[in-house]
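Naming: A, B, ... by sequence-line order, numbering from 1 per chain.
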Protein chains: 2
Amino acid sequence: MAWELCRAEGLAGLSLRDIARRIGMQAPSLYSYFDSKHAIYDAMFADGVREFVAQQPDAPTTDPVEGVKLRMRYYVAFCTADPVRYQLLFQRTIPGFEPSPESYALSVESLQALEAWLREAGLDAPGTLDLYTAIAAGLASQQNANEPGGDRWTRLIDEAAEMFVHQARVMKQRKATSGRRKK
Amino acid sequence: MAWELCRAEGLAGLSLRDIARRIGMQAPSLYSYFDSKHAIYDAMFADGVREFVAQQPDAPTTDPVEGVKLRMRYYVAFCTADPVRYQLLFQRTIPGFEPSPESYALSVESLQALEAWLREAGLDAPGTLDLYTAIAAGLASQQNANEPGGDRWTRLIDEAAEMFVHQARVMKQRKATSGRRKK
DNA sequence: GTCTATATTTGGATAGAC
DNA sequence: GTCTATCCAAATATAGAC
């Protein structure tokens with residue numbers, strides 16, 4: 001079915017009537033497919049995560065800097081391509097909406113995949129994953145909030161990736177050093 | 001007047017009735033002070049920016065790492081102390097709301113002050129300011145979205161500050177080098 | 001300047017014909 | 001399964017008494 005159509009548009013302040021009209025239907029027809037408006041949100045949430053995972057490029061763990069650049073570019077492009085989807089999936093500021101456990105599990109999986117990738121790339125000190133998500137989310141968030149459609153922040157991705165990998169290595173080094181010291 | 005009271009609570013999905021009740025009034029009484037709900041948003045936006053500026057700590061430009069740590073701690077604490085205020089001021093996802101030119105000017109001023117501070121601290125290569133705001137916003141955004149009230153991201157602030165200053169210096173160095181090369 | 005009462009609009013959801 | 005018609009609740013905003 002073509003529910004993906006409405007995804008590209010928006011829903012933060014959209015009514016069921018608006019959503020329905022965009023896909024050439026009347027509002028009540030939506031209830032043949034979904035129990036409530038939140039069920040629509042949830043389906044879009046799950047759909048968004050699946051698409052994020054499916055289209056994610058393979059990134060080399062043998063060259064962490066290049067790999068992180070690739071991954072960050074993809075993430076930020078995904079977020080800025082559809083700010084409303086970004087809001088639904090990552091900002092979670094839709095009033096009253098929380099994804100169902102099943103949908104949420106999808107996003108947890110995706111995060112674990114990122115964690116595994118970072119480990120494989122040798123970037124696995126505590127806090128490294130969270131630092132990564134903060135940097136990537138920050139670039140996307142600033143771009144969407146202050147200059148949607150522009151590149152004032154997206155053009156910093158490569159520099160940010162280098163910065164992150166450098167810091168991740170420092171963190172790992174510190175961990176090793178303090179570990180030795182403790183022994 | 002005590003309109004600041006409602007600021008601490010929330011408004012993303014709040015009605016005028018809710019706002020009014022929190023300050024011990026009835027909804028229509030608000031119209032003695034504001035022309036519309038958006039006018040309330042705008043007043044809260046301006047008020048939030050003013051408070052952000054007023055309470056900002058002095059940070060030493062003589063020790064950029066320490067200064068950035070101080071500033072980032074303050075920014076993230078300000079954002080996480082009141083996620084709804086954060087949404088209103090920095091995420092800008094309140095449906096239909098845009099600050100008035102006068103209110104917006106306040107936030108531009110604040111950003112220019114940050115830029116001036118960074119320059120004074122010697123961190124003034126192109127993109128440095130935007131990298132700073134991305135990192136700070138990313139930490140706040142992730143904390144609020146994924147673990148409101150926790151410290152999973154806030155505890156990374158000092159590390160992030162060190163990382164940022166290091167990168168800012170790299171960027172400045174590169175600029176100087178490429179400048180020489182061009183000459 | 002604050003209240004009660006109410007107008008007006010809008011949005012989510014249901015009923016029932018086709 | 002999609003439509004029209006409609007119900008019901010909630011929200012912004014206004015009118016007018018006090």
Side-chain angles (χ1 to χ4, degrees), chain A residues 1-48 82-89 91-104, chain B residues 1-48 82-89 91-104:
Chain A
M1 320 205 170
W3 298 111
E4 291 82 5
L5 287 178
C6 62
R7 190 183 356 88
E9 291 300 333
L11 88 162
L14 274 195
S15 66
L16 289 182
R17 286 168 178 80
D18 294 328
I19 295 177
R21 198 148 305 169
R22 283 190 207 239
I23 54 180
M25 288 179 92
Q26 292 299 315
S29 306
L30 295 171
Y31 286 88
S32 306
Y33 299 89
F34 302 102
D35 287 342
S36 67
K37 194 182 184 184
H38 273 45
I40 299 179
Y41 287 159
D42 197 57
M44 290 168 69
F45 181 94
D47 201 57
D82 185 343
V84 176
R85 181 179 59 185
Y86 172 64
Q87 188 186 357
L88 180 68
L89 292 185
Q91 298 203 109
R92 312 271 296 282
T93 54
I94 310 269
F97 170 68
E98 277 197 48
S100 64
E102 306 87 63
S103 299
Y104 186 64
Chain B
M1 321 206 168
W3 299 111
E4 291 81 5
L5 287 178
C6 63
R7 190 186 352 93
E9 290 301 333
L11 88 164
L14 273 195
S15 67
L16 290 183
R17 286 172 182 77
D18 295 328
I19 296 177
R21 198 147 305 167
R22 284 191 205 236
I23 53 179
M25 287 180 92
Q26 293 299 315
S29 307
L30 295 171
Y31 287 87
S32 305
Y33 298 89
F34 302 102
D35 288 342
S36 67
K37 194 181 186 186
H38 273 46
I40 298 179
Y41 287 159
D42 196 57
M44 290 168 70
F45 180 94
D47 201 58
D82 186 342
V84 176
R85 182 180 58 186
Y86 172 64
Q87 189 185 355
L88 179 68
L89 291 186
Q91 298 202 109
R92 313 271 295 278
T93 53
I94 308 270
F97 170 68
E98 279 197 46
S100 63
E102 307 87 61
S103 299
Y104 187 64

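- Put simply, the side chain of Leu14(B) reaches to within 4.5 Å of the side chain of Arg22(B), judged on heavy atoms.
- Distance alone, capped at 3.5 Å, places no donor-acceptor pair between the His38(A) side chain and the Glu98(A) backbone.
- Straight-line distance from the CZ atom of Arg21(B) to the P atom of dT2(C): 16 Å, rounded to whole Å.
- Contacts of Ala46(A) classified as side-chain contact (heavy atoms from CB on, under 4.5 Å), with partners at least two apart in sequence or in another chain: Arg50(A), Ser103(A), Leu106(A).
- Between Ser29(A) and dG1(D), a side-chain N or O to OP1/OP2 separation shorter than 4.0 Å is absent.
- Residues forming a side-chain contact (heavy atoms from CB on, under 4.5 Å) with Tyr31(B) (at least two apart in sequence, or on another chain): Leu16(B).
- Atom OH in Tyr33(A) sits roughly 13 Å away from atom C1' in dC3(D) (whole-Å rounding).
- Regarding Met25(B), its CE atom lies at a distance of 10 Å from the P atom of dG1(C), rounded to whole Å.
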Readout for nucleotides 11-16 of chain C: B = base within 4.0 Å of protein heavy atom, S = sugar-phosphate only, - = neither; 5' to 3' it is BBBB--

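- The environment of OH in Tyr104(B) is sparse: at most 12 heavy-atom neighbours from other residues, nucleotides or ligands sit within 6.0 Å.
- At least one side-chain heavy atom of Ile23(B) sits under 4.5 Å from a side-chain heavy atom of Leu30(B).
- Counting only heavy atoms from C-beta on, Gln26(A) has its side chain closest to dT4(D) among dT4(D), dT2(C), dG1(D).
- We find that CZ of Phe34(A) is positioned 15 Å from C1' of dT2(D), with the value rounded to whole Å.
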